[in-house]
Structures are given as C-alpha cells and as structure tokens.
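A short worksheet on the structure shown next.
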Amino acid sequence: MKILVATTNEGKLREIKSILSDLDVELLSLKDVDNIIEVEEDKETFLENAIKKATTYASFYKIPVIAEDAGLEVDALEGYPSVYSARFYSIEYGGKLEDESLSKDERNNLKLLKLLENKENRKGRYKTVVVYYDSDKGIGIWTEGVCEGEIAQKPQGSGGFGYDPIFIPQGYNQTMAQLPPEEKNKISHRGKALSKLKELLIKTGVVEIGSKS
Ligand code: IMP
C-alpha cells in the first residue's frame with residue numbers, strides 16, 4: 001500500500017521513513033505529487049491542524065495520508081508559542097519583533113528570551129501530533145509525542161533548527177542544538193509520536209510488517 005506523508009521537508013521525511021522502514025508500505029511525499037495544494041495551519045491546536053492537513057490531502061489525492069503539526073509550549077507564557085511556533089515573532093502576543101537582519105528562527109528565539117527575562121519558571125515542551133487518515137476505509141488515528149525541557153538563558157549550539165539553540169531537554173545540561181543528531185532523534189517529540197503511530201497501524205491491521213512490494 002501507499003501512504004502520502006504531507007510534507008515537503010526532506011529532514012522530516014527521512015525521519016518518518018527511517019521509523020516506518022520495516023513496514024510493508026511505500027511512503028510518498030508532497031514532492032511526488034503533481035499540483036501541490038497549500039493547507040493553511042490556522043487552527044487553535046496541533047491536533048486540529050494535523051487533522052485539517054490529513055483530511056484535506058486525503059480527499060484531494062485519494063490516498064491515505066500521514067500529517068503532523070508540532071511546536072513549543074512554554075508554561076510561563078500561557079502555553080505560547082504553541083501553534084504559532086513558526087511565526088511567533090510576528091504575532092501580537094508579547095509584541096511583534098520585526099528585525100529583518102535576523103532570520104525567522106533568530107527572531108522567534110530572541111522574542112521568547114525577552115519574554116522570559118526575570119521569569120523563574122522556564123519550563124516548556126516540544127509537542128508533535130501525528131494523524132493518519134484513510135478516507136476510503138474511514139480510518140483515523142492520532143498520536144502525540146512530547147519532549148519536556150526548559151528554556152536556556154541564551155542561545156547555544158548550531159545543530160537542529162527552530163528553538164533548538166534555546167531548548168534544554170530534561171536530564172541534559174546542553175541545548176538541543178548542542179546535542180549530536182542521533183541523541184536528538186532518541187528523545188525527539190516527533191520520533192515518539194511516530195513510533196506510537198507505527199504501533200497502532202500494526203495493531204489495527206492497517207499495515208503489516210515486511211518488505212515493500
Ligand atoms: P512543524 O509544524 O513541525 O513545521 O513545526 C513548527 C515550528 O515549531 C517550527 O518552525 C519550529 O519553530 C518549531 N519546532 C517544531 N519542532 C521543533 C524541533 O524539533 N526543534 C526546534 N523547533 C521545533
């Protein structure tokens with residue numbers, strides 16, 4: 001069987017392919033389809049965004065879809081940046097930070113650090129919600145993966161992406177951006193959500209273990 005992974009991001013696709021590599025399924029990405037449609041991630045929760053993407057792509061391309069949405073939640077900021085993680089710098093909450101000389105990631109990180117100045121509670125977590133949806137069979141499955149941690153005082157490290165230079169995973173004293181990629185993958189929210197999805201896909205008989213045929 002074929003499943004469309006709703007991403008054009010090579011890194012994410014590689015991670016998903018590696019976790020699901022022992023399943024009897026061919027994974028396609030949006031790079032394999034003609035006429036890529038845009039789905040706006042405009043919902044209030046990761047789950048709603050992931051469901052919106054999975055159902056829209058499944059009904060458009062007529063094959064089962066895996067879609068995900070992820071971000072960072074910070075306790076001292078009422079859970080923000082959450083679904084606004086990618087464009088936190090540009091939203092009203094906490095004031096906009098429009099400095100064109102910085103990358104979007106740098107603007108997001110700087111805004112977060114400014115909002116946490118003098119805050120004692122720096123706890124936060126990365127969260128990923130993954131949705132599998134097959135419109136023909138009427139099957140929908142969702143899972144969540146969490147990586148707990150805290151926000152550093154300043155950016156450190158050059159690995160990873162997004163908030164990694166200012167995110168210290170629980171049990172570590174380095175930021176995610178300072179960890180080797182293998183270490184990050186072991187504790188990654190995305191990896192945890194995908195491993196749970198794999199278990200459920202096998203348990204419910206949607207896919208079988210074995211080589212792709
Ligand atoms: P996406 O939905 O996975 O594309 O994630 C949305 C945003 O959340 C990204 O643009 C990043 O800012 C942030 N984010 C998600 N996962 C990670 C991660 O593993 N490390 C750092 N930032 C992340």
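Below, all heavy atoms of this structure are taken into account, side chains as well, without hydrogens, waters or symmetry copies. Just follow the structure's listing: the first ligand is 1, and inside any ligand the first atom is 1. Just so you know, these numbers come straight off a predicted model, no measurement behind them.
With respect to K123 and E150, no salt bridge is recorded, no charged nitrogen being found less than 4.0 Å from a carboxylate O. With salt bridges taken as basic N to acidic carboxylate O contacts below 4.0 Å, one links D42 and K52. Under 4.0 Å is where a charged nitrogen must lie from a carboxylate oxygen, and between K114 and E117 no such pair does. Between E92 and K96 there is a salt bridge, since at least one side-chain N of the basic residue sits less than 4.0 Å from a carboxylate O of the acidic one.
For the residue pair T7/N9, the side-chain donor-acceptor check at 3.5 Å is not satisfied.
Counting only residues at least two apart or on different chains, the side-chain hydrogen bond (donor to acceptor under 3.5 Å, both in side chains) pairs with a member in residues 153-169 are Y126-D164, D164-K184.
Protein residues with a heavy atom closer than 4.0 Å to ligand 1 are K12, E68, D69, A70, G71, S85, A86, Y126, F161, G162, Y163, D164, K184, H189, R190, listed by chain and number.
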